[in-house]
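What follows is a set of notes on a single structure, which appears directly below.
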Amino acid sequence: MKRIALRAVTAAALLTTWALGAVAQAWPPTPTVIAHRGASALRPEHTLAAYQKAIDDGADIIEPDLVITKDGVLVARHENAIAILGADGSVKEATTDVVDRPEFAGRKTTKTIDGQAITGWFTEDFTLAELKTLRARERIPAQRPANVAYNGQFEVPTLQEVIDLAKAATAKTGRTIGIYPETKHPTYFQSIGLPLEAPLLAVLEKNGWNHKDAPVFVQSFEVSNLQAIRKLSSVRLVQLVAPSGRPYDFVAQGAANTRAYADLITPEGLKQVAIYANAIGPFKTLVVPVKDGVPGEPTPLVARARAEGLAVHIWTLRPENAFLPAGLKKAPATDGTVRGDSVGEITAYLRAGIDGFFTDDPAVGRAAVQAFTATK
């Protein structure tokens with residue numbers, strides 16, 4: 001695969017050229033650059049700083065994962081678990097500083113989320129006011145040590161704050177910045193009396209974004225909640241597809257539903273998805289498998305989805321060696337923090353005909369799109 005060398009001046013020139021022409025395009029521009037949790041390779045994920053950096057670096061859309069507070073407010077976190085402890089009591093993962101806040105020590109608990117027992121602290125046990133006293137942390141410091149410098153600087157944002165940022169950026173830049181919220185663990189939240197769907201639609205309605213032409217895609221790894229939203233709204237919906245396993249709402253239905261993610265992307269499965277969704281969001285290797293350490297030949301998935309009128313947005317393209325195929329890593333390949341040939345990986349998927357992609361570094365994604373477009 002041809003490798004594309006990126007220089008700062010070239011990337012800046014490409015971004016400027018793209019920005020000047022973006023207004024004239026239909027929304028969303030394609031290929032669509034979707035900022036996965038913001039510019040999460042450069043700032044702690046799901047913070048306004050990460051979303052702003054993503055917009056500055058050329059993202060068309062910013063992605064907030066949505067969970068909910070005790071008092072029913074939607075906030076952006078990767079999981080409802082804002083700190084997770086290992087079996088030995090050490091911190092396994094944390095997106096806030098709650099473990100260092102003695103006033104919340106009593107909130108530590110163990111819950112079963114989508115069949116998995118998790119010990120830690122959870123958003124649904126905090127009011128928004130309490131959650132706002134916490135500060136964000138880098139979730140994967142081993143892979144992104146530079147982001148640790150931002151620990152303690154940023155709040156947990158609400159969905160409304162993310163929308164406010166997108167609208168302000170749209171007004172400032174003259175290009176439409178959209179949002180791509182994911183409803184996290186919808187079956188679980190329904191089970192505890194805090195469903196995500198009605199609050200989400202209420203916020204979209206309040207902002208004039210609860211319609212098919214709004215700059216919004218709503219995504220989920222489950223199926224039933226997307227079908228429920230479709231009955232209430234014409235907003236764009238995306239069926240996420242994992243490389244293995246089953247949607248948890250199918251699991252919860254027991255013997256009545258034995259389908260897996262693989263069943264959703266068969267020709268017949270895609271016909272059913274197209275009844276309620278506008279796009280699919282498959283894991284990247286479902287579109288282009290890795291062979292001999294590099295992206296190989298595309299599967300038929302993009303063509304099959306297109307035949308049903310479904311766009312294809314893949315996840316997730318990350319710049320560091322830790323997340324790249326062996327043949328796209330850069331020396332030393334064993335150092336997961338080193339940036340590899342992310343442009344090369346993105347280009348392989350663009351060649352496969354995808355409509356958009358989730359990236360942790362929108363600047364790299366934008367440069368890849370511009371270079372690819374220039375060769376067509």
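Because the structure is a prediction, the values reported are computed rather than measured. Quick note: numbers below take in every heavy atom, side chains included, and nothing from hydrogens, waters or symmetry partners.
Going from atom CD1 of Ile354 over to atom CG of Leu317 covers 6.5 Å, rounded to the nearest 0.5 Å. Atom CZ of residue Phe358 and atom CD1 of residue Ile314 lie 10.0 Å apart, to the nearest 0.5 angstrom. Distance CD1/Ile84 to CD/Gln116: 7.5 Å, rounded to 0.5 Å. In this structure, CD1 on Ile163 lies 14.0 Å from CD1 on Ile177, to the nearest 0.5 angstrom. Taking CZ of Arg366 as the reference point, atom CD of Gln370 lies at 6.0 Å (rounded to 0.5 Å). Note that OG1 of Thr176 and CH2 of Trp27 are 8.0 Å apart. Values are rounded to the nearest 0.5 Å.
Screening Asn80, Val203, Val218, Leu159 for a side chain to side chain contact (heavy atoms under 4.5 Å, CB included) involving Leu66 leaves a single residue, Leu159. With His313 as the partner, the ring-ring contact (aromatic ring centres under 6.0 Å, His included) test is satisfied by one option alone out of Phe217, Phe283, Tyr349: Phe217.
The environment of Glu103 atom CD is dense: over 12 non-hydrogen atoms of other residues, nucleotides or ligands sit within 6.0 angstrom. Around atom NZ of Lys132, more than 12 heavy atoms belonging to other residues, nucleotides or ligands sit under 6.0 Å away. For Lys108, the NZ atom is loosely surrounded, since the number of other residues' heavy atoms within 6.0 Å does not exceed 12. Counting non-hydrogen atoms of other residues, nucleotides and ligands closer than 6.0 Å to NZ of Lys167 gives a total above 12.
Asn147 contributes a side-chain N or O that, together with a main-chain N or O of Ser40, makes up a donor-acceptor pair within less than 3.5 Å. Between the side chain of Arg101 and the backbone N or O of Thr133 there is at least one donor-acceptor pair closer than 3.5 Å. The closest donor-acceptor contact from the side chain of Asp71 to the backbone of Leu128 lies under 3.5 Å. Judged by distance alone, with hydrogens and angles left aside, the side-chain atoms of Tyr261 form a donor-acceptor pair with the main-chain N or O of Phe221 at under 3.5 Å. The closest donor-acceptor contact from the side chain of Asn321 to the backbone of Thr334 lies at 3.5 Å or more, if one exists at all. A donor-acceptor contact shorter than 3.5 Å links the side chain of Arg246 to the backbone of Asn257. Arg306 contributes a side-chain N or O that, together with a main-chain N or O of Gly353, makes up a donor-acceptor pair within less than 3.5 Å. Side-chain atoms of Ser90 never come within 3.5 Å of backbone atoms of Gly86 as a donor-acceptor pair (strictly under, hydrogens ignored). The main-chain N or O of Ala214 is found under 3.5 Å from a side-chain atom of Arg236 such that the two form a donor-acceptor pair. Judged by distance alone, the side chain of Ser233 and the main-chain N or O of Ile229 form no donor-acceptor pair under 3.5 Å.
At least one side-chain heavy atom of Ile179 sits less than 4.5 Å from a side-chain heavy atom of Leu204. With contacts defined as side-chain heavy-atom distances shorter than 4.5 Å, the pair Ile265/Arg304 does not qualify. Residues Asn151 and Arg137 have side chains in contact (heavy-atom distance under 4.5 Å, counting atoms from C-beta outward). At least one side-chain heavy atom of Pro186 sits under 4.5 Å from a side-chain heavy atom of Ser220. Between Thr95 and His46 there is no side-chain heavy-atom pair separated by less than 4.5 Å. The closest side-chain heavy-atom distance from Val67 to Phe189 is below 4.5 Å. With a 4.5 Å cut-off on side-chain heavy atoms, Pro289 and Lys284 do not count as touching. Inter-residue side-chain proximity for Glu308 and Val273 is flagged as unmet; no heavy-atom pair is nearer than 4.5 Å.
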*Before giving the answer on side-chain contact (heavy atoms from CB on, under 4.5 Å), spell out for Leu301 and Ile280 the whole-Å C-alpha distance, their side-chain angles and the decisive distance to 0.1 Å.*
CA-CA 10 Å; Leu301 182 55; Ile280 58 170; 4.0 Å; yes
*Could you please spell out the steps behind the side-chain contact (heavy atoms from CB on, under 4.5 Å) verdict for Gln239 and Leu310?*
CA-CA 10 Å; Gln239 179 63 65; Leu310 294 165; over 6 Å; no
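Residues Thr187 and Asp249 bring no donor and acceptor atom of their side chains to less than 3.5 Å of each other.
Here Asp361 pairs with Arg339 under the salt bridge (charged side-chain N to carboxylate O under 4.0 Å, His left out) rule; sequence neighbours left out. Among residues two or more places apart in sequence or in another chain, the salt bridge (charged side-chain N to carboxylate O under 4.0 Å, His left out) test is passed with Glu182 by Lys184.
Contacts classified as ring pair (Phe, Tyr, Trp, His ring centres under 6.0 Å) and involving residues 106-154 (residues at least two apart or in different chains) are given here: Phe104-Phe126.
A salt bridge does not link Arg144 with Glu45: every distance from a Lys NZ or Arg NE/NH1/NH2 to an Asp or Glu carboxylate oxygen is 4.0 Å or more. Taking 4.0 Å as the cut-off between side-chain N and carboxylate O, Glu130 and Lys70 do not count as a salt-bridged pair. Using a 4.0 Å cut-off between a side-chain N of Lys or Arg and a carboxylate O of Asp or Glu, Lys329 and Asp335 do not qualify as a salt bridge. Salt-bridge check for Asp97 with Arg135: failed, with every basic side-chain N at 4.0 Å or more from each acidic carboxylate O.
Tracing side-chain contacts under 4.5 Å through hydrophobic residues (I, L, V, M, F, W, Y), one reaches Val235 starting from Leu196; they form part of the same cluster.
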